[in-house]
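I have a structure I would like to understand better, so I am pasting it below and will then ask my questions one at a time.
When a ligand or atom number is given, it counts from 1 through the structure's own listing order. Only heavy atoms go into these numbers, but all of them, side chains included; no hydrogens, no water, no symmetry mates. Remember, predicted model here, so these are calculated numbers, not experimental data.
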Amino acid sequence: MKILGLESTAHTFAASTIDEEQIYTNEKSMYQPEEGGIHPRKAAEHHYQKAHEIISKGLEGEIDAVAFSQGPGIPQCLDIGAVAARTLAQKHDVPLIGVNHCVAHIEIGKRTTDAERPVTLYLSGGNSQVIAEKNSQYRIVGETLDIALGNAVDKLARKLGYPHPGGPEIEKLAEQTDEIIEIAYPVKGMDFSFSGIVTELEKKVGQVEDEVIANTFQEHAYASTVEALERAMAQADSNEALLTGGVAMNNRLREMVEAMCEQRNANAYFPPKQYCMDNAAMIAERGLKKAKRKQFTDLKNSEIKQNWRPEGIKV
Ligand code: AMP
Ligand code: MG
């Protein structure tokens, strides 16, 4: 069964064709803000300007269904993918499948690693969640109480004068020192929060070296998510951790997850980097699983779901 997947929740417009055996294409174009963070209307503009080119490259052969990111995400951006998916489904006379973006991150992780029933740490520009499986449903067992981790690192980087996305820049700076300063370390049970850390560190800009600020951010913010992940694994009695989302590309974070898993005799799984960032292969993969169970989306139910949480969705 061949599925075309479309992704457009935030900065990336992407198209991918896959089947059970192969990922044939994984095309994407990423919106780069000239200044500041993601501007919804400008990101949407980028998406409709790139849609034709990316879909032309990403669509491979005869397809059996079109899957698209139905949410959560930026409404203006979601709409571009949804309109394209509806049009393509009608043109090719195949069913439409609305997919939860967060669940798709987990399922491409399962496809591209040996993880079977992991507890997932999903850290991206717009979402930060610890997701476990219970009674074959995805459950959010921990999450950020304010902004997403990617959003936090991007904000801090902006304050230090680096362009979007800031995660890789903060990582490079942090690698240049072992020094940290003491700041708050806000973990509340299974939840974490980042806006306080960002505010506290923004106040240190100019007083403390940039490298130390970056390293302090990583050692506090990343460690707090790994602490929540560890607790979630203990509660779920799981020995598999899956790290995904754009922030999952961070090497220090991977080291922390690996060290935690080693101590617990558990396995840490990291999808290849092209499947950590937003991509369309993950949407097609989730679509493939839904197509096999004939879980299609009627046109009248295909409206975007800006705040669609993965809570309670069937694995
Ligand atoms: P996503 O929304 O899943 O595509 O992820 C985008 C986020 O990942 C942005 O906030 C980036 O700053 C962040 N990111 C990308 N690479 C890294 C990295 N090496 N370290 C930390 N964050 C990163
Ligand atoms: Mg994402």
Would you say ligand 1 has an N or O under 3.5 Å from any N or O of L123?
no
Here the atoms of ligand 1 under 4.0 Å from any heavy atom belonging to G125 are 1 (P), 2 (O), 5 (O), 6 (C), 7 (C), 10 (O)
Of Q218, E171, E169, the one whose closest heavy atom lies nearest atom 19 (N) of ligand 1 is E171
- Check: E107/Y138 side-chain N/O donor and acceptor closer than 3.5 Å: yes
If we only consider heavy atoms of H164, is any one of them less than 4.0 Å away from an atom in ligand 1? no
Closest heavy-atom approach to atom 15 (C) of ligand 1 among A148, G246, A157, G73 is made by G246
### Message
I'd like to know if the side chain of E227 pairs up with that of Y185 as donor and acceptor (distance under 3.5 Å, no hydrogens or angles considered).
### Response
yes
Please check if the distance between the ring centroids of H105 and Y122 is under 6.0 Å. yes
* Is R252 paired with E171 through a side-chain N to carboxylate O contact shorter than 4.0 Å? -> no
**Prompt:** How about Q218 and N250: does a side-chain donor come under 3.5 Å of a side-chain acceptor?
**Reply:** yes
Note: ligand 1 atoms sitting under 4.0 Å from heavy atoms of Y222 are 21 (C)
- Compute the shortest N/O to N/O distance between C276 and ligand 1 and return yes if it is under 3.5 Å, no if not. no
Practice problem: Verify side chain to side chain donor-acceptor pair (under 3.5 Å) between S195 and D146, making sure each step is shown before the conclusion. | Solution: CA-CA 7 Å; S195 61; D146 44 50; 3.0 Å; yes
The atoms of ligand 1 lying under 4.0 Å from a heavy atom of H11, numbered in the order shown, are 1 (P), 2 (O), 4 (O), 6 (C)
Original post:
Does the N or O separation between G245 and ligand 1 drop below 3.5 Å for any pair?
Top reply: no
For A104 and V99, the nearest pair of non-hydrogen atoms, with its separation, is CB-CG1, 4.0 Å
Any nitrogen or oxygen of N250, side chain or backbone, less than 3.5 Å from one on ligand 1? yes
inquiry  = Below 4.0 Å from ligand 1: does a non-hydrogen atom of G166 turn up there or not?
reply    = yes
Side chain or backbone, does G150 bring an N or O within less than 3.5 Å of an N or O on ligand 1? yes
Within 4.0 Å of some non-hydrogen atom of D154, the atoms of ligand 1 are 9 (C), 10 (O), 11 (C), 12 (O)
Close approach of F217 to ligand 1, heavy atoms, under 4.0 angstrom: no
Lys/Arg cation over aromatic Y24: K2, 6.0 Å, 45° cone = yes
Does a donor on one side chain and an acceptor on the other come within less than 3.5 Å for E60 and T25? no
Next item on the list: Decide whether an N or O pair under 3.5 Å exists between H105 and ligand 1.
Entry: no
Using distance alone, with no hydrogens and no angle criterion, decide if R117 and S238 have a side-chain donor and acceptor under 3.5 Å apart. no
